[in-house]
Undergrad: 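Mind looking over this structure? Questions follow.
This is a predicted model, so every value here is computed, not measured.
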Amino acid sequence: MPATAAKAIAAITGGSGSIDVTVLADSASSGSSQTPECDVFMGLSGVNSCTTDVVTSATDGNNAQVNTDVRNAEFVYFAGGNQCVYASWKGTSLQSSVQSVVAKGGGSGGGSAGHHINSAVVYDACTASTDSATALADPYDRSVTFTTGMFAWPNYADTINDSHFVTRDRMGRTMAFVARAVKDGLTTSGKAWGVGVEQGGGSLFLDKNGLATLSGSDAYVVLGDHQPEQAAPGKPLTYSNFKIWHLTAGQTFDFKDRPTCGYYTRSVTNGTPDANLYSGTPVTDCGGGGGTGTGSSFTETEPNDSTGTANDLTGLTYPATVTGSMKSASDRDYYKLSLTSGQTATVTCTVPAAYDADLYFLNANGSTLTRSVNDGKGAGESLSWKATSSGTYYADLEAYSGSGSAAYSCGITKS
């Protein structure tokens, strides 16, 4: 915790001044100190005060003094313990108070259970704690339960945190969590990102721009970007090609502009995961992120059916021409490009008479910014978007009706 806490303090203060910290715990400490987390914080430069509040139930979430302590703080730290207790604060004043700290430029974090509660989808363990074997054998086991809508921190959407990751062999259960989130629509993008951090000093610091830096032991990011082949109550999980990024001390992961390369893949078949879950050779030629093209011409390469596997157009010379086809009635072709603030992208697609396709323009989070949905097979599509900030954007051509090998052609300009 100390290294990551120091980064958080520096980020909040800008390198000068001091902050007040509030620690939230689900039970009183059983150790020699009643305030072990505050003991650590008070040993760090830039901390003015630290208060520990023990909040044991949902009712306590409306305690006036606790909420005052939190709202007066610049950093809230959730202690280890039972994340189900933390999840019970959903809907209380305390949930809003913690959100207010981040909204004013402060931070939120935690260890173990405190790490769990800070993800977009929370494995709450409210009925029982699960392990990898149980969750893979049945991802709908009674021990696999979630809370959503607790916190939605900037640039951290669609995540499911896990802790004590390698020591307690939790890769398998995180895979089950990710598959469940995708299958049940618990995330907003049709995909889910498990974030597992090892015990023994491992911690991630997420800055205001979405860049996470690992201090201490290993961390893993586990992406599920398609529907499970099998995920149903009472049946073992089958899921092909989880994408896994392995971080070691000092390495970073960009949660705002999430990478499409540098992962290794592992699968689960009838509840049995592949060997060597915690190591693999990173992929550097990422298929869907590639495609073929030189200069101003580009030909699509499947799979490119999501933002995570989008064909990368960032190295082309513009104006550029992209060709591809709607190979099935559910085909989606995503293309990644970058714009600077104030720059306008215009995409104009000629669609063959074999099918009807619709055109969308998305931001880095996969949200639709504008679209063109002219009716009829062979109807062309065209749109423009002026970027209000520099970053990654996606053009998405989707089959509406029909399919075939006949090629569409999209011209893309930047101005």
Side-chain angles (χ1 to χ4, degrees), residues 1-6 8-9 19-44 47-70 72-73 75-90 92-95 97-98 101 107-119 122-132 134 143-145 147 150-151 161-170 173 195-205 215-217 219:
M1 178 178 77
T4 299
I9 294 165
I19 67 170
D20 297 310
V21 177
T22 294
V23 173
L24 296 175
D26 71 306
S27 61
S29 172
S30 59
S32 58
S33 171
Q34 293 299 299
T35 59
E37 293 82 13
C38 276
D39 294 345
V40 174
F41 276 108
M42 291 307 297
L44 300 175
V47 177
N48 177 60
S49 70
C50 185
T51 301
T52 298
D53 286 316
V54 178
V55 188
T56 62
S57 67
T59 301
D60 292 338
N62 293 314
N63 181 282
Q65 185 60 57
V66 171
N67 280 278
T68 297
D69 291 343
V70 170
N72 287 340
F75 191 80
V76 180
Y77 186 86
F78 291 82
N82 182 354
Q83 63 261 32
C84 185
V85 174
Y86 298 150
S88 76
W89 304 342
K90 179 181 174 181
T92 71
S93 298
L94 189 51
Q95 180 187 15
S97 293
V98 175
V101 173
S108 173
S112 192
H115 176 59
H116 282 274
I117 201 64
N118 276 285
S119 54
V122 178
Y123 166 61
D124 57 36
C126 283
T127 57
S129 179
T130 198
D131 57 22
S132 289
T134 300
S143 61
V144 183
T145 55
T147 294
M150 186 69 184
F151 300 125
N161 288 350
D162 209 345
S163 59
H164 306 283
F165 201 66
V166 180
T167 300
R168 299 186 185 179
D169 190 21
R170 287 179 166 172
R173 79 174 196 174
V195 183
V197 179
E198 175 60 324
Q199 65 184 32
S203 57
L204 280 173
F205 168 66
S215 296
S217 303

Undergrad: Under the side chain to side chain contact (heavy atoms under 4.5 Å, CB included) criterion, do F75 and T22 qualify, and how do the steps go?
TA: CA-CA 6 Å; F75 191 80; T22 294; over 6 Å; no
Undergrad: Once you round to the nearest 0.5 Å, how far does CG of N48 lie from CZ of F41?
TA: 14.0 Å
Undergrad: Of all heavy-atom pairs between S108 and V98, which one has the smallest distance, and what is that distance?
TA: OG-CG1, 4.2 Å
Undergrad: Where is the tightest heavy-atom contact between A87 and D124, given as atom of each residue plus distance?
TA: CB-CB, 4.3 Å
Undergrad: Taking all atoms of both residues into account, what is the closest heavy-atom pair of G61 and V55, and its distance?
TA: N-CG1, 4.0 Å
Undergrad: S143: what forms a side-chain hydrogen bond (donor to acceptor under 3.5 Å, both in side chains) with it, not counting sequence neighbours?
TA: T130, D141
Undergrad: Do we see a donor-acceptor contact under 3.5 Å between the side chains of T92 and N62?
TA: no
Undergrad: State, without any angle test, whether T52 and T35 hold a side-chain donor-acceptor pair at a distance under 3.5 Å.
TA: no
Undergrad: Between L24 and V66, does the side chain to side chain contact (heavy atoms under 4.5 Å, CB included) criterion hold? Intermediate values first, please.
TA: CA-CA 9 Å; L24 296 175; V66 171; 4.1 Å; yes
Undergrad: Where is the tightest heavy-atom contact between Y86 and G80, given as atom of each residue plus distance?
TA: OH-O, 4.0 Å
Undergrad: Is H115 reaching over with its side chain to a backbone N or O of G109, donor-acceptor style, under 3.5 angstrom?
TA: no
Undergrad: Can a donor-acceptor pair be found, under 3.5 Å and without considering hydrogens, that links the side chain of N67 to the backbone of L94?
TA: yes
Undergrad: For residues S163 and H116, report the shortest heavy-atom separation together with the two atoms involved.
TA: OG-NE2, 3.2 Å
Undergrad: Checking side-chain polar atoms at under 3.5 Å, does S49 have a donor or acceptor matched by the opposite partner on D20?
TA: yes
Undergrad: Before accepting this row, confirm whether a basic side-chain N of the pair R173/D131 lies closer than 4.0 Å to the acidic partner's carboxylate O.
TA: no
Undergrad: CG/D53 to CG/D60 distance, rounded to the nearest 0.5 angstrom?
TA: 10.0 Å
Undergrad: Give a yes or no answer on whether the side chain of Q83 reaches the backbone of A125 with a donor-acceptor pair at less than 3.5 Å.
TA: no
Undergrad: Atom NZ of K90 and atom CD of Q95: how far apart are they, to the nearest 0.5 Å?
TA: 7.0 Å
Undergrad: Treating S119 as the side-chain partner and N161 as the backbone partner, does any N or O pair qualify as donor plus acceptor under 3.5 Å?
TA: yes
Undergrad: Quick one: pull up CZ in F78 and CH2 in W89 and give me the separation to the nearest 0.5 Å.
TA: 6.0 Å
Undergrad: What I want to check is whether the side chains of D169 and S132 have a donor and an acceptor closer together than 3.5 Å.
TA: no
Undergrad: Determine, step by step, whether D162 and V195 satisfy the side chain to side chain contact (heavy atoms under 4.5 Å, CB included) criterion, reporting the C-alpha distance in whole Å, the side-chain angles of both residues, the deciding distance to 0.1 Å, and the verdict.
TA: CA-CA 6 Å; D162 209 345; V195 183; over 6 Å; no
Undergrad: Find the distance between CG (D26) and OG (S88) and round it off to the nearest 0.5 Å.
TA: 9.5 Å
Undergrad: Can you name the closest pair of heavy atoms from A79 and A113 and give their distance?
TA: O-CB, 4.3 Å
Undergrad: Taking E198 for its side chain and F165 for its backbone only, find out whether a donor-acceptor pair lies under 3.5 Å.
TA: yes
Undergrad: Where do V21 and T51 land on the side chain to side chain contact (heavy atoms under 4.5 Å, CB included) test, with the steps shown first?
TA: CA-CA 6 Å; V21 177; T51 301; over 6 Å; no
Undergrad: Looking at T147, is its backbone amide N or carbonyl O close enough to the side chain of Y123 to form a donor-acceptor pair, meaning the two atoms are under 3.5 Å apart?
TA: no
